Number of protein chains: 2
Amino acid sequence: MVRPEPVSRRDRPAKPPLSRAGILDAAVAIVEKEGADKLTMRRLAAALDTGPASLYVYVKNTTELNALLIDRYLVDLDLSWDDSELPRARLHRVLDDYTHLLTRQTGLAQAALVTWPNGVHYLDLLDLLLRLLHDLELDTTTAARAVDLLLQHATASAAERAAHSSNDAQELSDLQSTLDAADPDRHPTLARAGSAVFVSGSREERNAWSIDVLIDGALKQATQRRPTEGRSHSE
Amino acid sequence: MVRPEPVSRRDRPAKPPLSRAGILDAAVAIVEKEGADKLTMRRLAAALDTGPASLYVYVKNTTELNALLIDRYLVDLDLSWDDSELPRARLHRVLDDYTHLLTRQTGLAQAALVTWPNGVHYLDLLDLLLRLLHDLELDTTTAARAVDLLLQHATASAAERAAHSSNDAQELSDLQSTLDAADPDRHPTLARAGSAVFVSGSREERNAWSIDVLIDGALKQATQRRPTEGRSHSE
DNA sequence: ACCTGAACACCGTTCAAGT
DNA sequence: ACCTGAACACCGTTCAAGT
């Protein structure tokens, strides 16, 4: 019974001690090289030349790992704002950037949807969004809710795109043919509209449209609140 | 070597032959009893008293299984509409129902987010939504996009709720404490707003607010288009 | 032709035992 | 005290072989 020779211990000069930062670096390397869906506790441990159990000393579970990873990615986001750019345009840009960031790696957006990113870079993003919405004359409560809605949309869009564009996803034609199966008697409105309307425009254009809808809708909500501004006696 | 006696063959009278419908029934039973996250090919096969390989004769993969299952659940949705109910109110009700349906079982919403439901009941839902939006004077293109946006919001909300409320999710307090960690120098807007604004109001109220934002935003978009109505020469 | 046992290639998490 | 080998309890999917 020949045991495989233990992988040479001298290759890396004294395998560095584990640490949150080191684990995160290795995680990024895996995501970059193999995609976020290949980031597993076992692979991560293997990359760090240890057993999976060791990771649990530094990271509570997979959910926490994902939350940390997302924040780590957020550092790449451009969050500067000089007033030469109109707030609405800046809003579009940062949300596009955010969506792109999450789309780059399959699985990252998925994680972001069900995970509150945990870290300072996420707070940076929230701060900028709030600032921009304030600049559009939204009150604090409305702005906070709008931030929620805008980020939810950006994240969900990224998750959808990543899911549909990769591996064993459904084909776009599946949706088409489902829609074409609309029975004019049972689905008159749908049949009259035609399946084409659901895929009209480019992804970028649709996305920009959605962001404007969200902003305008929030603005309307803030306006309705305006009359009661001085002191809110009703409601 | 004592083989375990084969589980009695006479318990169920002549194990019924497999079929798409039978598989789906068994899937619903599992989801109902153990939650959608426990629905796996292997468990499903076990429930049908066969090996997992057999399922692949009727279902392409897990993604297709989920798509079929979601449509199967959609049958419970109330899609009637008599004009005694204002279109906006009806819109709220059907979207609430849809969110509830997906929230009931962890994992169902997750699947819906990355999977186009496949079947006639989904078309029924689309038809009603389109009809209601037309009634609010939206043109077909705007209505179709609004449908997308409304369903995306409903699905994402359900996924978030299901994820955060169950099993090994992050605590709500995690978000609170992340927000409270806002450094007044680095995150002035956030710190001034306070962490409370991000969790103001009940879930139902926040949800209703979001739906109104989406509807109003879409209405604005449709209005802007109105001037060019007769024939669209520009753009 | 239709079905499936068994195998392949993985997972996350825990805990007793080692240093 | 800190770390981890090995085990526990699972996954989805394929394919050669059986009826």
Side-chain angles (χ1 to χ4, degrees), chain A residues 1 3-7 9 12 14-23 26-27 30-31 33-69 106-107 110-111 114-115 163 166-170, chain B residues 1 3-7 9 14-20 22-23 26-27 30-31 33-69 106-107 110-111 114-115 163 166-170:
Chain A
M1 232 196 273
R3 286 239 221 122
E5 201 184 359
V7 211
R9 234 182 245 171
R12 281 171 245 299
K15 162 181 149 188
L18 288 182
S19 69
R20 257 187 174 232
I23 289 175
I30 290 177
V31 169
K33 215 177 301 161
E34 326 191 46
D37 50 332
K38 289 290 170 52
L39 175 65
T40 65
M41 290 299 214
R42 294 181 101 101
R43 273 170 202 268
L44 186 51
L48 289 163
D49 201 10
T50 181
S54 309
L55 301 180
Y56 287 83
V57 177
Y58 303 93
V59 170
K60 201 173 61 181
N61 53 31
T62 311
T63 302
E64 198 192 51
L65 178 66
N66 281 325
L68 292 169
L69 187 68
T106 314
Q110 279 270 35
V114 293
T115 292
S166 89
N167 52 12
D168 56 2
Q170 294 162 295
Chain B
M1 234 196 273
R3 285 238 222 123
E5 202 184 359
V7 212
R9 234 183 244 171
K15 164 181 148 188
L18 288 181
S19 70
R20 258 185 174 233
I23 289 174
I30 290 177
V31 169
K33 216 178 301 160
E34 326 191 45
D37 50 331
K38 289 291 169 53
L39 176 65
T40 65
M41 289 301 213
R42 294 181 101 100
R43 273 170 202 269
L44 186 51
L48 290 163
D49 201 11
T50 181
S54 309
L55 300 180
Y56 287 84
V57 177
Y58 303 92
V59 169
K60 202 173 61 181
N61 53 31
T62 309
T63 301
E64 200 194 50
L65 178 66
N66 281 325
L68 293 169
L69 187 68
T106 314
Q110 279 269 34
V114 294
T115 292
S166 89
N167 52 12
D168 56 2
Q170 295 162 293

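Computed from a predicted model, the values in this text were never measured in an experiment. Just so we're on the same page: letters track the sequence lines, and every chain starts at 1.
When Watson-Crick and G-U wobble pairs are counted only if both distances are under 3.5 Å, dG18(D) pairs with dC2(C). With a cut-off of 3.5 Å on both pairing distances, dA9(C) has no Watson-Crick or G-U wobble partner at all.
The distance between atom CG of Leu18(B) and atom P of dC2(C), rounded to the nearest whole Å, is 14 Å. Distance, Asn66(A) CG to dG12(C) P: 10 Å, rounded to whole Å. One atom, CG of Leu55(B), and another, C1' of dC3(C), lie 12 Å apart when rounded to the nearest Å. Here the P atom of nucleotide dC3(C) and the CG atom of Leu48(B) are 13 Å apart, to the nearest Å. Distance, Ile23(B) CD1 to dC3(C) P: 10 Å, rounded to whole Å.
Remark: Leu65(B) CG to Leu55(B) CG distance equals 8.0 Å, nearest 0.5 Å. A distance of 10.0 Å separates OG1 in Thr40(A) from NZ in Lys38(A), rounded to the nearest 0.5 Å. Separating the OG1 atom in Thr115(B) from the CD atom in Gln110(B) is a distance of 10.0 Å, to the nearest 0.5 Å. With values rounded to the nearest 0.5 angstrom, Ile30(A) atom CD1 is found 11.5 Å from Asp37(A) atom CG. Interatomic distance, Leu44(B) CG to Met41(B) CE, rounded to the nearest 0.5 Å: 7.5 Å.
Between Tyr56(B) and dT4(C) there is no side-chain polar atom (N or O) within less than 4.0 angstrom of OP1 or OP2. In terms of phosphate contacts, Thr50(A) brings a side-chain nitrogen or oxygen within less than 4.0 Å of OP1 or OP2 of dT4(D).
Checked by atom type and distance alone, the side chain of Asn66(B) never pairs as donor or acceptor with a backbone atom of Leu69(B) at under 3.5 Å.
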Got a list of protein N/O to nucleotides 6-11 of chain C N/O distances below 3.5 Å?
from    : atom 1 : to       : atom 2 : distance (Å)
dC11(C) : OP1    : Thr40(A) : OG1    : 3.2
dC11(C) : OP1    : Arg43(A) : NE     : 2.6

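Between dA9(C) and dC8(D), the distance separating the two P atoms is 23 Å to the nearest Å.
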